[in-house]
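I have placed the structure first, in the form of structure tokens, so that the comments after it can refer back to it.
The figures here come from the full heavy-atom set of this structure, side chains too, leaving out hydrogens, waters and symmetry mates. Below, chain A is the first sequence line, B the second, and so on; all start at residue 1.
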Protein chains: 2
Amino acid sequence: MDKKVSGSVINRLPRYYRHLTDLCSSGTERISSKELSERMGVTASQIRQDLNCFGGFGQQGYGYNVEMLRTEIANILGLNRGYTAVLVGAGHMGRTFATNTKFESRGFKLIGIFDSSPEVIGTEVSDFTVMDYADIKEFIDENHPKMAILTVPKEAMKAVAEDLISMGIKAFMNFSYTELAETEGIIVENVHLSDSLMRLSYKISECENKEKLDKE
Amino acid sequence: MDKKVSGSVINRLPRYYRHLTDLCSSGTERISSKELSERMGVTASQIRQDLNCFGGFGQQGYGYNVEMLRTEIANILGLNRGYTAVLVGAGHMGRTFATNTKFESRGFKLIGIFDSSPEVIGTEVSDFTVMDYADIKEFIDENHPKMAILTVPKEAMKAVAEDLISMGIKAFMNFSYTELAETEGIIVENVHLSDSLMRLSYKISECENKEKLDKE
DNA sequence: TAGATTGTTAATCGATTAACAATC
DNA sequence: TAGATTGTTAATCGATTAACAATC
């Protein structure tokens with residue numbers, strides 16, 4: 001029925017959700033695509049086009065009900081599903097992500113944290129006791145987590161990913177510098193913080209070059 | 001002279017850099033756009049188009065020299081500039097980012113870490129002693145950092161950003177859930193980890209829906 | 001009813017891909 | 001020289017914007 005929704009639209013959905021959440025908590029009841037577009041710095045046309053990929057959530061002459069639209073987007077994103085997740089690698093990044101992330105309101109439920117280093121196994125991370133990676137197969141066979149968060153060193157990433165794929169995990173969030181390729185049937189979201197840093201570096205250089213040119 | 005390079009091209013540059021770094025360390029000397037395209041899962045055409053925004057780095061009949069191309073991209077990204085950076089907010093995320101990030105090879109040099117909480121001020125984070133945020137103006141006036149990394153709670157983000165802008169900071173990397181708008185003359189790179197999580201949630205739901213349909 | 005704003009179609013713009021002459 | 005592969009132009013494709021009839 002629905003034709004495939006483009007990647008650009010999907011990438012914008014979390015941003016809509018974020019802005020609608022803000023509007024909700026500031027008590028706004030209704031908003032027009034025009035008002036929202038001004039807040040977000042996009043065109044009203046784009047907002048209407050994007051939303052209409054999923055259905056007609058607005059009302060002519062009125063606009064959109066903020067709370068209703070927020071709920072619709074949450075459903076589209078699957079934020080109500082509570083997919084189970086395990087986190088592998090309880091180093092700095094793993095501990096931070098496990099501690100800071102509101103999994104429940106982002107579509108997931110964290111159910112276990114694993115590491116292979118003896119100094120880390122058994123330590124506490126935000127309500128969890130870090131388990132031995134050697135026991136992960138048993139855990140997966142029992143609990144069937146939907147997703148794995150990989151916060152392991154980049155040298156280990158590929159082996160761990162293959163390992164987990166062989167145990168039936170089909171979705172990954174990968175924080176390591178090396179990227180995990182999206183192969184058949186496997187869903188991957190790569191997070192590369194250093195890419196963001198490099199993009200920022202580019203923008204600063206570009207800006208400096210422009211200033212230099214302006215002076216001439 | 002150069003016309004404006006599109007955002008899509010810039011977004012891909014760090015990925016090229018990453019792959020070229022891998023090729024370098026595996027000792028590969030030359031690569032054709034075709035080979036690289038297969039490794040990266042993009043078209044050879046796109047690679048050639050992208051690179052030619054910045055110059056002709058290849059040689060007909062030969063391809064590209066890996067090391068030379070990597071250096072060129074590093075220069076384009078400004079990774080050799082060592083822009084000075086301060087980090088504000090030494091909570092979990094701040095400490096992790098300060099510790100895990102290879103600033104030197106990503107265009108930056110971290111020169112100071114700040115926080116406003118008395119329990120955190122004075123503690124050590126990877127070679128740095130956390131300084132009192134109350135003293136940041138003095139520090140900025142003296143050292144003129146180019147960029148600030150914001151790892152503060154979302155409630156504090158906007159006030160801190162305005163504060164720092166008034167002290168002359170023009171570029172930000174923002175980790176807080178609330179986004180920092182790109183206003184005139186201010187460069188911003190927003191990193192929203194929960195957006196990535198939501199995108200992954202979408203992809204998993206989409207995939208499940210498809211499976212369900214296939215069964216019918 | 002009159003005004004506002006949607007949903008949707010059509011027009012425009014930009015990005016990606018294909019093709020090929022230039023040339024190492 | 002012959003083969004390979006670039007740089008670049010032209011063709012295609014997709015995404016964004018504009019416009020407007022439908023309708024609350």
Side-chain angles (χ1 to χ4, degrees), chain A residues 1-16 19-20 23 28-73 76 182 199 202 206, chain B residues 1-16 19-20 23 28-73 76 182 199 202 206:
Chain A
M1 195 178 73
D2 303 1
K3 59 171 167 295
K4 176 96 178 133
V5 177
S6 87
S8 341
V9 176
I10 295 160
N11 286 338
R12 284 192 290 267
L13 287 178
R15 187 145 183 265
Y16 289 132
H19 280 266
L20 288 165
L23 283 164
T28 314
E29 239 180 55
R30 61 164 284 275
I31 196 158
S32 68
S33 57
K34 182 146 180 295
E35 287 171 288
L36 188 57
S37 75
E38 280 157 10
R39 271 184 157 258
M40 296 184 59
V42 298
T43 64
S45 231
Q46 181 167 73
I47 293 177
R48 294 205 300 277
Q49 284 275 25
D50 283 358
L51 296 178
N52 280 89
C53 293
F54 304 100
F57 304 128
Q59 204 168 23
Q60 281 99 328
Y62 172 84
Y64 300 86
N65 177 286
V66 174
E67 205 169 313
M68 183 268 224
L69 184 58
R70 176 172 179 270
T71 308
E72 290 289 356
I73 293 181
I76 294 162
E182 239 176 276
R199 276 191 269 271
Y202 176 87
E206 190 197 26
Chain B
M1 193 180 76
D2 303 359
K3 60 171 167 294
K4 175 95 179 136
V5 178
S6 87
S8 342
V9 175
I10 295 160
N11 286 338
R12 283 192 289 266
L13 287 177
R15 186 145 184 266
Y16 289 131
H19 280 265
L20 288 165
L23 283 164
T28 313
E29 238 179 58
R30 61 164 285 274
I31 195 158
S32 68
S33 57
K34 182 145 180 297
E35 287 172 287
L36 188 57
S37 76
E38 280 157 9
R39 270 182 156 260
M40 294 186 60
V42 298
T43 63
S45 233
Q46 182 166 74
I47 293 176
R48 294 205 299 277
Q49 284 276 24
D50 283 358
L51 296 178
N52 280 90
C53 293
F54 304 100
F57 304 127
Q59 204 167 23
Q60 280 99 330
Y62 171 85
Y64 300 87
N65 177 287
V66 173
E67 205 169 313
M68 184 270 223
L69 185 57
R70 176 171 179 271
T71 308
E72 291 288 355
I73 293 182
I76 293 163
E182 237 174 278
R199 275 190 269 271
Y202 176 88
E206 189 196 26

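Between the CD1 atom of Ile47(A) and the P atom of dA15(D) there is a distance of 18 Å, rounded to whole Å. Nucleotide dG14(D) holds its P atom 17 Å from the CG atom of Asn11(A), rounded to whole Å. For the pair Glu38(A) CD and dT5(C) P, the interatomic distance rounds to 11 Å; values are reported in whole Å. Regarding Asp50(A), its CG atom lies at a distance of 13 Å from the C1' atom of dG7(C), rounded to whole Å. Summarising the geometry, the separation between CG on Asn65(A) and C1' on dT6(C) is reported as 15 Å, rounded to the nearest angstrom.
Every residue two or more places apart in sequence or in another chain that forms a side-chain hydrogen bond (donor to acceptor under 3.5 Å, both in side chains) with Glu206(A) is listed here: Lys4(B). For Glu35(A), the side chain to side chain contact (heavy atoms under 4.5 Å, CB included) partners at least two apart in sequence or on another chain are Arg30(A), Ile31(A), Ser32(A). For the side chain to side chain contact (heavy atoms under 4.5 Å, CB included) test, residues two or more places apart in sequence or in another chain that qualify with Glu67(A) are Cys24(A), Asn65(A). Every residue was checked against the salt bridge (charged side-chain N to carboxylate O under 4.0 Å, His left out) condition with Arg70(A), not counting sequence neighbours, and none meets it. For Glu72(B), there are no salt bridge (charged side-chain N to carboxylate O under 4.0 Å, His left out) partners two or more places apart in sequence or in a different chain. Partners of Ser6(A) by side-chain hydrogen bond (donor to acceptor under 3.5 Å, both in side chains), not counting sequence neighbours: none found.
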Summarise how protein sits on nucleotides 17-24 of chain D as a single string, 5' to 3': B when a protein heavy atom is under 4.0 Å from the base, S for sugar-phosphate-only contact, - for no contact. BBBB-BBB

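For residues 52-66 of chain A, no residue pair satisfies the salt bridge (Lys or Arg N to Asp or Glu O under 4.0 Å) rule, not counting sequence neighbours. Residue pairs satisfying the salt bridge (Lys or Arg N to Asp or Glu O under 4.0 Å) criterion with at least one member in residues 41-52 of chain A, sequence neighbours excluded, are listed as follows: Arg12(A)-Asp50(A).
In DNA chain C, stems built from 3 or more consecutive Watson-Crick or G-U wobble pairs, each with both distances under 3.5 Å, span C:3-24 with D:3-24.
Using a 4.5 Å heavy-atom threshold, the side chains of Val5(A) and Tyr202(B) count as touching. Residues Tyr16(A) and Ile47(A) meet the side-chain proximity criterion, which asks for heavy atoms closer than 4.5 Å.
Annotation: proximity of residues 29-36 of chain B to DNA chain D (heavy atom, distance under 4.0 Å) is found for Arg30(B), Ser32(B), Ser33(B), numbered in ascending order.
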Pairs of donor and acceptor atoms involving the side chains of residues 37-44 of chain A, under 3.5 Å and at least two apart or interchain, shall be tabulated with distances.
residue	atom	partner	partner atom	Å
Ser37(A)	OG	Ser33(A)	O	3.4
Ser37(A)	OG	Lys34(A)	O	2.5
Glu38(A)	OE2	Lys34(A)	NZ	3.4
Thr43(A)	OG1	Gln46(A)	N	3.1

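Residue Tyr64(B) has no polar side-chain atom (N or O) positioned under 4.0 Å from OP1 or OP2 of dA4(D).
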